[in-house]
Structure formats: structure tokens, C-alpha cells
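First comes the structure, then the notes that go with it.
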2 protein chains.
Amino acid sequence: MASETEENYIKAIFKITEKNQGAANTNAIAAHLSTSPASVTDMLKRLSSKDYFHYEKYKGVYLTSKGIEMATQLIRKHRLWEVFLVDKLGFSWDQVHDIAEQLEHVDSDELIIKLDSYLGHPKYDPHGDPIPNAEGKFTLRNQVTLQSLEKNEKGTVVGVRENDTPFLQYLNHFNIKLGTKMQVLSQIDYDHSMKVLVDDAVELVLSHKACSNLFIKKTTL
Amino acid sequence: MASETEENYIKAIFKITEKNQGAANTNAIAAHLSTSPASVTDMLKRLSSKDYFHYEKYKGVYLTSKGIEMATQLIRKHRLWEVFLVDKLGFSWDQVHDIAEQLEHVDSDELIIKLDSYLGHPKYDPHGDPIPNAEGKFTLRNQVTLQSLEKNEKGTVVGVRENDTPFLQYLNHFNIKLGTKMQVLSQIDYDHSMKVLVDDAVELVLSHKACSNLFIKKTTL
DNA sequence: TGAAATTTTTAGAGTACTCTAAAAATTTAT
DNA sequence: ATAAATTTTTAGAGTACTCTAAAAATTTCA
């Protein structure tokens, strides 16, 4: 069985290659795991016999199907636990990442089967990220960033790009959550911020940064 | 923070001293953790600066109040997770030990507060063992072993002495669980087995070993 | 009390990680 | 095309555990 450290390396490689569309390089893995590049090289060399990824010196690394399978199951476990923490225990969406990061390493297939069923086979986690099914398939959402909407276009919030605590708390502050309705009132050229109407009630100005990190499903009029 | 290994050592020492009423010796700790006595000595030496226990060479070890506090919280976490696994996820009582053994090491005070509340502040785990409260106090049960009952005495099952899988499955086989009613019909001198009436319906003969490991709360007539 | 049995510790080494500093390879920019 | 900047690897060492074999201390018992 893979150690917790090994699991974290595989997950980091998966996330980096998913974002980059290419091999994950040493520095990126080190940054992702808050470790040194030297440690990463060392670990990659030791792990390379285990068939989770292809590694060529100076070329970076990409996962094999075995590695992808492992990463996907970890993401499944992480997101199911997040649903549990929010839906059942009453945590808010900005509090669950670190706890799920621990829970995802608990090893029991039966546990995940039962947890999934207990939660009603959820398709999305509390941040709107898709939960892969037992076979590793993600349900993809039809989404765009708030930033990409034109004036007067409407939609509802279906996710956030990064689920870092400060951003989630910023959204809490404006009472923006999954399902919140958004309509673009105007785009402000100067700094690319946007004036929006929230839940048909409140007018807000959101920064460019915030708008690029909010995923919206457009309402077809 | 304590490592998982450290936590397991402290818990083992707690369980051994609780049973023995004396210091935990090296061999006992090694047996409990499936490791070698040499490793235990080494670990005790390294840990002894951390104030969890008193250690004297060749004399064994006993916990300080700091160590007892830690062990108690681990037992609390373990047993709360067992309740979750049985009551919410539908595991049976013989399946939950190993999973709870992993879950108990997840580090989050808020998680345990919320879990406890979600479960309705249970006082006993699925094997009838008391769950210490947040302050570490155990609710003690008024219990005797089935073996100690006299002919015709009655009671209900409130716990098991060891919760090893084979014993629990033996009980499953006879449909004996927490709350099952028991009446002693006769004691068989030859091998100290007992003939009992289960739930006012079924007559069974239970071995001496089984009878000594079943905890009963007597029904006062 | 002293020999035998048992328990515990020490010695020495191995694995799975971690690190910093320096060297090597690659990429970028002129 | 070569120098500079960047990335990656190597070298060497440290920590937190693990082990087996042997030595030392303690306990048991005749």
C-alpha cells in the first residue's frame, strides 16, 4: 500500500499536469507540497519503480493509468468527506479542506462505498467541484467564469476556481454561495471589476480577481 | 503535535496499565503494538523528554496526567467514530475497529465536537464500551460477566470484554447483541459452560470463554 | 544463595523520508 | 552562439522510526 507521502506526491502530480497540460516539473511539485526540489528529485527516483508515473531526468513527470487511478480515488475520497463535513456536520465550505486532507488517507474501500451511499451519491463537493464516481469518471459542468459574462447576462454560481480560505471567506462576507444568482450590470473598464446584481436584490462591485475565480452556469433567457 | 506512532504508544501504555493496575513493561507494550522490545526501549527513551509518562530503566512505564489526557481523548475519538460507522453508515460491530483505528488520528478538535453532537452525545460505543466525555470522564456501567450470574438470574447484554472480530462474529451467529436478554437456565459444572435463555425465546449453550467475555446488567426482579 | 530463566537494554544497521549547499544540465536572452 | 538565469540533480547529512543479535540486569526458583 502507498504511504501518505506517496499519495500526496501522486495527487500533486495529477493536479499539476491537469492544470498545465504537460509534464509536472520538479519545482512545481516542490511548491505544491511545500518541500524542497531536492526532496522531490529524491522521491521521484525512489518511487519510479512503482509504476505510478514516467520520470525522465530533467524532463519532469506524468502519471501512468495506475497513477491516474490512484489520484482520482484520492480526489473522490477527499470530496466525499468534504460533503460529509458540510452537509452532515455543519462545517462551512471554508473550513473543510484541511480535515478532508487527512480523512482522504484513511484506507477502506467499504468505508467509501458506504459513505457515498449515505450522502446520496453526490456529484459535486461543497465548492462545486465534481466528485469522480467509483470508476473515476468526473461529471463535467457547463460553466464559464463570471468575468466572461457580457452586460445583462445572468447565471447562478456553480463553483470556485481555487478553494483557498480567504477567497471563500470573501464570498461568505457578501453572502455568495453555490446557487446564488448573478446578473452583470456593468463592466468597469478601468480595473476590470464588475457591478453585479446578487440574488435579484443586492448590487455589488466584485474585483477582477474575484470574477475570474467564480464559476457560473449561464441562464438561457 | 504527537505523531501517529507516539499516539499509539501512549494508548497502548494506557490500556496495559488500566488492565494491570501497575506499570506497563517493555514486552507488554511490544506485544500490544506488534513490534520488538528493542524498538519499545528505544522509543521510550526518545519520548521520555515529552512528559507523557515516567520511565525508569528495567521498571516499566506509567502515564502522567498529560499522557492520560492524551490517551483518553484518543479513546474518545475512536469510540465516537465507531458509533458513526455503525449508526450512520451501517457497518456491523465486528467491522469497525480497524477503520476507527485510522480515523482516531485525524487531528481537529472542531471535528470531534461536531461529530459528538451529530451522533447525539452517545455514552457508549457499539461494543458497549463507555465513551469518555470532552473532559475525559468515563460513565461507568453497572455490569457483571454472564459467567458470574447464578441459576435463574436475568439481565441484558451491555458489552463485551474484548472486541476481537471472531468473538463478535460468534455472537452475531447466535444473534446476540447489545440489549439482548439473557437468563441463566443452568450451569454445567464439567466445563463451566452455561445453558441460557436468549430473548425469552431460544435456548443456547455458551462456552465458559464466551460467558466470561459477555457483560450483563442484571435485571432486579 | 546462586544458577537458570526472563526481561530489558545496547549496539549497529536499515528504510523512508527530510534538508542545505554545490554541481550539472537546460533554457532564455542577447 | 555564448553568457546568464533557471531548473534540476547530486552529495552528504539528519530525524523518526524499524530491526536482529548480543550483552546486561532482574526475577525466579531450587
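Here is the naming used below: chain letters follow the sequence lines, and residue numbers restart at 1 for every chain. The figures here come from the full heavy-atom set of this structure, side chains too, leaving out hydrogens, waters and symmetry mates.
B:Leu80 pairs with exactly one of B:Leu103, B:Leu85, B:Ile112 by the side chain to side chain contact (heavy atoms under 4.5 Å, CB included) rule, that one being B:Ile112.
Taken residue by residue, residues 2-17 of chain B places no heavy atom nearer than 4.0 Å to DNA chain C. The stretch residues 49-63 of chain A touches DNA chain C through A:Tyr58, each having a heavy atom under 4.0 angstrom from the strand. Near DNA chain C, meaning a heavy atom under 4.0 Å from it, residues 36-44 of chain B has B:Pro37, B:Ala38, B:Thr41 in order of number.
Of the charged side-chain nitrogens involved, at least one lies within less than 4.0 Å of a carboxylate oxygen, so that B:Lys19 and B:Glu162 count as a salt-bridged pair.
Checked against salt bridge (Lys or Arg N to Asp or Glu O under 4.0 Å), B:Glu101 has the following partners two or more places apart in sequence or in another chain: B:Lys11. Partners of B:Ser36 under the side chain to side chain donor-acceptor pair (under 3.5 Å) rule, at least two apart in sequence or in another chain, are B:Ser39. Residues satisfying the salt bridge (Lys or Arg N to Asp or Glu O under 4.0 Å) criterion with B:Asp42, sequence neighbours excluded, are B:Arg46. Residues forming a side chain to side chain donor-acceptor pair (under 3.5 Å) with A:Ser193 (at least two apart in sequence, or on another chain): A:Asp191.
Cation-pi geometry between B:Lys88 and A:Phe84 is not met: the NZ or CZ atom fails to fall both under 6.0 Å from the ring centre and inside 45° of the normal.
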Applying side chain to side chain contact (heavy atoms under 4.5 Å, CB included), run through B:Leu178 and B:Phe215 and close with a yes or a no.
CA-CA 9 Å; B:Leu178 297 190; B:Phe215 291 131; over 6 Å; no
Pairs under 3.5 angstrom only: tabulate donor-acceptor contacts from the side chains of residues 49-58 of chain B to other protein residues two or more places apart or in another chain.
from: B:Lys50; atom 1: NZ; to: B:Glu6; atom 2: OE1; distance (Å): 3.4
from: B:Lys50; atom 1: NZ; to: B:Glu6; atom 2: OE2; distance (Å): 3.0

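The partner of C:dT10 is D:dA21, judged by Watson-Crick or G-U wobble contacts that both fall below 3.5 Å.
Contacts classified as salt bridge (Lys or Arg N to Asp or Glu O under 4.0 Å) and involving residues 117-139 of chain A (residues at least two apart or in different chains) are given here: A:Arg79-A:Asp125. A salt bridge (Lys or Arg N to Asp or Glu O under 4.0 Å) check over residues 59-69 of chain B, counting only residues at least two apart or in different chains, returns nothing. Applying the side chain to side chain donor-acceptor pair (under 3.5 Å) definition to pairs two or more places apart or across chains, those involving residues 165-174 of chain A are A:Trp93-A:Asn172, A:Asp94-A:Gln169, A:Asp94-A:Asn172.
For DNA chain C, the span of nucleotides reached by chain B at under 4.0 Å from its heavy atoms goes, 5' to 3', from C:dT7 to C:dT10.
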